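As the structure is a prediction and not an experimental result, all values here were calculated from the model.
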Amino acid sequence: MPDTAQPLWSPSVARIARSNLKQFMREIARTWGADCRDHPALYDWSIAEPEKFWTSIWDYCDVIAERRGQVVLENPDRMPGARWFPDARLNFAENLLRRGDDATAIVFWGENRVKSALTFAELQHEVSRLQQALRAAGVGVGDRVAGYVPNLPGAVIAMLATTSLGAVWSSCSPDFGPQGVLDRFGQIEPKVLIAADGYFYGGKTIDVMPRLREIVPQLPTVTRTVIIPYTRRDPDLSGIANVLDIHDFMAPYPARRLHFERLPFDHPLLVMYSSGTTGVPKCIVHGAGGTLLQHLKEHSLHVDLHPTDRLFYFTTCGWMMWNWLVTGLASGSTIMLFDGSPFYPKGNVLFDFAQQESMTIFGTSAKYIDSLRKLELKPMLTHDLTRLRTMLSTGSPLVAESFDYVYENIKADLCLSSISGGTDIVSCFVLGSPLLPVWRGEIQCRGLGLAVEVWDEEGRPAHGARGELVCTRPFPCMPIGFWNDADGSRYRAAYFERFPGVWCHGDFCELTEHGGVVIYGRSDAVLNPGGVRIGTAEIYRQVEQLDEVVESLVIGQDWPRINPNDVRVVLFVRLREGVQLDDALVARIKQRIRANTTPRHVPAKVLQVADIPRTKSGKIVELAVRNVVHGQPVKNATALANPEALALYADRAELAD
């Protein structure tokens, strides 16, 4: 049994001393006289003195902007309604393109087909050329440019060129079908659509051009479609109006000095989308200043990102972590892009990437780490990971056993930072710290400057108990609103309806004795058998330790036989190839859950399925399955990576008894 009385890892004295966070603490001591001797003291100060804290982030991270007044926070008691740095003007892209030398800005692998790199100078040149082409195409302040693109350098160039003009960027990955794209981009009415001709996945080449011939005619505001040749040199552009290859689009424009439109702090930067599995996706609008400041804080202080670092996150352009990754350029770091399957041509491909390209920070999903464990891979023995010092995990809760796996099989001297936040804030509420130890199964700390608490159902602090993750004070990266929500009613309903004036994030979690956080799943997926709230992650953790189980999904099925408001727990399991669910395995599953949790956690039914439905970013969709089981429609199945899997849950005779 692991020793839970001791941390799995603690930072060395030397590592702490050279960290950005330690330097930042010295800076605020000199500037404000703040006595922040450790991370908990700094966190308390950041909440008590938000204006001083966020001003210090601005100065420490050397934000490029015009500060025309001294006001830091306007309407501090209004949430929503507070305004940060109301007199400042800045440009997001200008801050990301501050370096212009010959150091490497981007390293890219497209499976085993394509490898390339760009220096900071080359990146500036390409952004300059595309900026001029977009301006000539009529793109200006506030216009939308949509990207239907894989995670390749051209996507980064397009985002930077767009935002340099004060236009608004929005992207989704090319594995979205036509309806999923239209449900998103159709709402924001883009002027220009930038798309790749296709993408690689699992050794296959997927042609996107037929989809574009269906999509473009249904986006009437698009005046120009620009194609990035990726899977072939000369893609067939026929059947698409006003289309150009990106090389032809940029050809008339030689690189020149970049122009940046400096705009108000809360000028729209990005439109991102909710998962959309319960209806048409919400279009969440993020501001330039808040996104920049929050990402700089997280990168510099929580991740300890330096200009010499190589930052990687396994992500697509449809997930918020892509935007988070790209902002790493603002710290002068190299960003590492990978597009394709993380298990092709072999399960170790991302560790090949780490070794060959000297990765220092490895970001991925909890599901990926669990898959490595199931495959019994041991990168520690097969790869030289000398330079790797931090591993980040998000997307779903990282279970305690996955912590063990990382330290036993990837690297022992490693800061493993589980992080959690979301599309809603395009960043994190809880994450890591270079000053703190890593405890088994725990996220290290709450984000600096974010007044994160855990509340019970009556809106009281839940000390030593599980409850809702809330943020009780304004913070800069709150969305500036939803698209087409003029009176803000949908925005307020999404985050402030549960507890007026307080952000309710929708995570079911607990603060630990170490000052860390454990997240048990989404609040809207919490099970409630007999009136007891159970986080779904508690069950997944137990079930997925069994060798026979690849993954699982659990829901609460309405079961009014005893109580009109009661539910029973139903567990679906996807098993290893060749394994069948029999009475003995059902008994083992139930016994493991009972022994390690409570009798309330034990499912009334355990059923085998061939597939688990997921969103494009890899998150399982309990609510969609619950709808199917109850005979209710799934309003936007096109948001799923594998919508055909939903049929496996419909009309199950085992659930009718």
Side-chain angles (χ1 to χ4, degrees), residues 4 39-40 43 47 275 298 302 320 365-367 369-370 392-403 416-425 427-433 436-473 475 477-478 494-499 502-528 531-542 554 556 596-598 600-601 619-620 622-623:
T4 56
H39 190 104
Y43 177 77
I47 301 306
S275 60
E298 292 185 344
H302 288 278
M320 58 141 287
S365 66
K367 183 61 185 174
I369 294 173
D370 185 59
L392 307 174
S393 169
T394 192
S396 59
L398 187 67
V399 299
E401 290 76 11
S402 288
F403 280 75
L416 174 58
S417 294
S418 180
I419 65 179
S420 182
T423 300
D424 313 85
I425 61 169
S427 59
C428 307
F429 275 120
V430 290
L431 64 172
S433 168
L436 295 174
V438 174
W439 293 90
R440 186 173 186 263
E442 297 184 18
I443 297 173
Q444 285 174 284
C445 62
R446 292 172 281 182
L448 293 167
L450 303 179
V452 172
E453 299 181 15
V454 178
W455 282 13
D456 64 21
E457 294 184 74
E458 282 71 47
R460 299 170 302 200
H463 299 295
R466 299 170 186 184
E468 298 285 343
L469 188 154
V470 301
C471 193
T472 61
R473 298 184 186 180
F475 51 98
C477 64
M478 286 170 53
Y495 308 113
F496 303 100
E497 195 169 69
R498 179 80 182 275
F499 305 117
V502 171
W503 178 287
C504 186
H505 192 55
D507 279 344
F508 188 57
C509 64
E510 180 180 11
L511 294 175
T512 73
E513 61 180 323
H514 306 121
V517 179
V518 177
I519 293 181
Y520 297 101
R522 292 292 296 169
S523 301
D524 53 10
V526 162
L527 310 172
N528 201 22
V532 177
R533 301 186 81 200
I534 295 171
T536 54
E538 301 173 72
I539 294 176
Y540 298 145
R541 176 187 173 190
Q542 302 306 323
V554 66
N596 293 287
T597 55
T598 75
R600 290 283 188 188
H601 290 69
K619 297 180 182 179
I620 62 174
E622 293 109 332
L623 293 184

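When all heavy atoms are compared, the tightest approach of Gly449 to Ile47 is C-CD1, 3.6 Å. Between His505 and Gly422 the shortest heavy-atom distance is NE2-N, 4.5 Å. A pairwise comparison of heavy atoms in Ile519 and Ala537 identifies O-CB, 4.3 Å as the closest pair. Shortest non-hydrogen contact noted between Cys504 and Glu468 is SG-OE1, 3.9 Å. When all heavy atoms of Lys367 and Ser396 are compared, the closest pair comes out as N-OG, 4.3 Å. Looking at every heavy atom in both residues, Pro397 comes nearest to Gly521 through CG-N, 4.3 Å.
Gln444 and Ser433 are not linked by any side-chain donor-acceptor pair at a separation below 3.5 angstrom, with hydrogens and angles left out of the test.
For the pair Leu416/Leu398, a side-chain contact is recorded, criterion being any heavy-atom separation below 4.5 Å from C-beta on. At a threshold of 4.5 Å between non-hydrogen side-chain atoms, the residues Asp424 and Tyr495 count as touching. The side-chain heavy atoms of Glu453 and His463, taken from C-beta on, include no pair separated by under 4.5 Å. Looking at heavy atoms from C-beta onward, Thr597 lies out of side-chain contact with Ile539 at the 4.5 angstrom threshold. In this structure the side chain of Asp370 never reaches within 4.5 angstrom of the side chain of Glu401, judged on heavy atoms. For the pair Pro437/His514, no side-chain contact is recorded, criterion being any heavy-atom separation below 4.5 Å from C-beta on.
Proximity of a side-chain donor or acceptor of Arg522 to a complementary backbone N or O of Gly506 within less than 3.5 Å is detected. Between the Glu538 side chain and the His601 main chain, no donor and acceptor come within less than 3.5 Å of each other. Thr394 contributes a side-chain N or O that, together with a main-chain N or O of Ile419, makes up a donor-acceptor pair within less than 3.5 Å. With Tyr540 contributing its side chain and Val554 its backbone, the two residues share a donor-acceptor pair below 3.5 Å. In this structure, Tyr43 contributes its side chain and Leu450 its backbone to a donor-acceptor pair below 3.5 Å.
Shown here are the ring-ring contact (aromatic ring centres under 6.0 Å, His included) partners of Phe475, two or more places apart in sequence or in another chain: Phe429, Trp503. With sequence neighbours excluded, the residues forming a ring-ring contact (aromatic ring centres under 6.0 Å, His included) with Phe499 are Trp455, listed by chain and number. Every residue meeting the side-chain contact (heavy atoms from CB on, under 4.5 Å) condition with Ala400, not counting sequence neighbours, appears here in chain and number order: Arg440, Arg541.
With rounding to the nearest 0.5 Å, the separation of OG in Ser523 from CD in Glu457 is 9.5 Å. Distance check: Ile425 CD1 to Cys471 SG gives 8.0 Å after rounding to the nearest 0.5 Å. We find the OH-CD1 distance between Tyr520 and Ile534 to be 12.5 Å, quoted to the nearest 0.5 Å. Considering CG of Leu436 and CD of Glu442, their distance stands at 11.0 Å, rounded to 0.5 Å.
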**Study point:** Thr536 vs Glu622, side chain to side chain donor-acceptor pair (under 3.5 Å): CA-CA, chis, key distance, verdict
**Key:** CA-CA 9 Å; Thr536 54; Glu622 293 109 332; 3.3 Å; yes

Check your understanding: Does the pair Arg600 and Leu527 meet the rule for a side chain to side chain contact (heavy atoms under 4.5 Å, CB included), with working shown?
Key -> CA-CA 10 Å; Arg600 290 283 188 188; Leu527 310 172; over 6 Å; no

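By the 6.0 Å contact criterion, CD on Glu497 is open, its count of non-hydrogen atoms from other residues, nucleotides or ligands being 12 or less.
When the options Val454, Val452, Val502, Asp507 are evaluated for a side chain to side chain contact (heavy atoms under 4.5 Å, CB included) with Val470, the one that passes is Val502.
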